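These figures come from a predicted structure and were not determined experimentally. Only this structure's heavy atoms are used, side chains among them; waters, hydrogens and symmetry mates stay out.
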Amino acid sequence: MKAENTTKIQFDSLSINEAYARSVVAAFLARYDPTVPQLADLKTAVSEAVTNCIVHAYPDRIGPVTLCVAVYPEREVHITVTDKGVGIPDVPQAMEPLFTTGNPEERSGLGFAVMQSFMDRVKVTSRPGKGTKVVLIKRLSARAST
């Protein structure tokens, strides 16, 4: 299936860029007239995915984060967040609620659970030492005609 429209950006894994990533997604998808709850869901999931890159992928350095947004027929949105960081040795374990590789006093271990709760599908692939790719998928409901 071919995307109808796409965009791609790359930014440094700095916490100030998390808001930038959310804003880019919202601005790009505005022409598709998502509902306010749909937009909030997408922005929250993007926030979690980007924050994972900032906190976990590059724990001791700044590295690149790539964000791609693609809209497919039937208003299906795919948001891909990719890093070239440390990778995840056990993806199923990392996706378990409350699991964290960070300081448990500072991190809740709910990032993937939050993404899954707001999206239709979440796909995670990773290779230790090579990085991680998170694909967030959500179908926007058709807007009512007025």
Listed by chain and number, what are the side-chain contact (heavy atoms from CB on, under 4.5 Å) partners of S117, not counting sequence neighbours? none
For T7, side-chain contact (heavy atoms from CB on, under 4.5 Å) partners two or more places apart: F28, V69
Set of residues satisfying side-chain contact (heavy atoms from CB on, under 4.5 Å) with respect to A26, sequence neighbours excluded: L39, K43
Treating R121 as the side-chain partner and L136 as the backbone partner, does any N or O pair qualify as donor plus acceptor under 3.5 Å? no
Do L67 and V46 come within less than 4.5 Å of each other through their side chains, counting heavy atoms only? yes
Can you list the other members of the hydrophobic cluster that holds M1, where links are side-chain heavy atoms under 4.5 angstrom apart? Y72
Share the residues that join I62 in a hydrophobic cluster, the rule being Ile, Leu, Val, Met, Phe, Trp or Tyr side chains under 4.5 Å apart at the heavy-atom level. L14, I16
Run the side chain to side chain donor-acceptor pair (under 3.5 Å) test against K138 and tell me which residues pass, sequence neighbours left out. D41
State, yes or no, whether a side-chain contact exists between T125 and K123 at a heavy-atom distance under 4.5 Å. no
Not counting sequence neighbours, which residues clear side chain to side chain donor-acceptor pair (under 3.5 Å) with D12? List them please. none
Side chain proximity check, Y32 to N5, heavy atoms < 4.5 angstrom: yes
If you look only at pairs with a residue in residues 78-89, which of them pass as a side chain to side chain donor-acceptor pair (under 3.5 Å), with sequence neighbours excluded? E76-H78
Are F118 and L42 close enough that some pair of their side-chain heavy atoms sits under 4.5 Å apart? no
So do the side chains of V86 and Y58 get within less than 4.5 Å of each other, counting heavy atoms only? no
Decide yes or no on side-chain contact (heavy atoms from CB on, under 4.5 Å) for S141 and Q38, but give the supporting numbers first. CA-CA 8 Å; S141 59; Q38 288 171 338; 2.7 Å; yes
With sequence neighbours excluded, what pairs up with Q10 under the side-chain contact (heavy atoms from CB on, under 4.5 Å) test? P64, T66
Check side chain to side chain donor-acceptor pair (under 3.5 Å) between S13 and all other residues, then give those that pass, not counting sequence neighbours. none
Sorted by first residue and then second, give each salt bridge (charged side-chain N to carboxylate O under 4.0 Å, His left out) pair with at least one member in residues 16-29; sequence neighbours left out. E18-R22
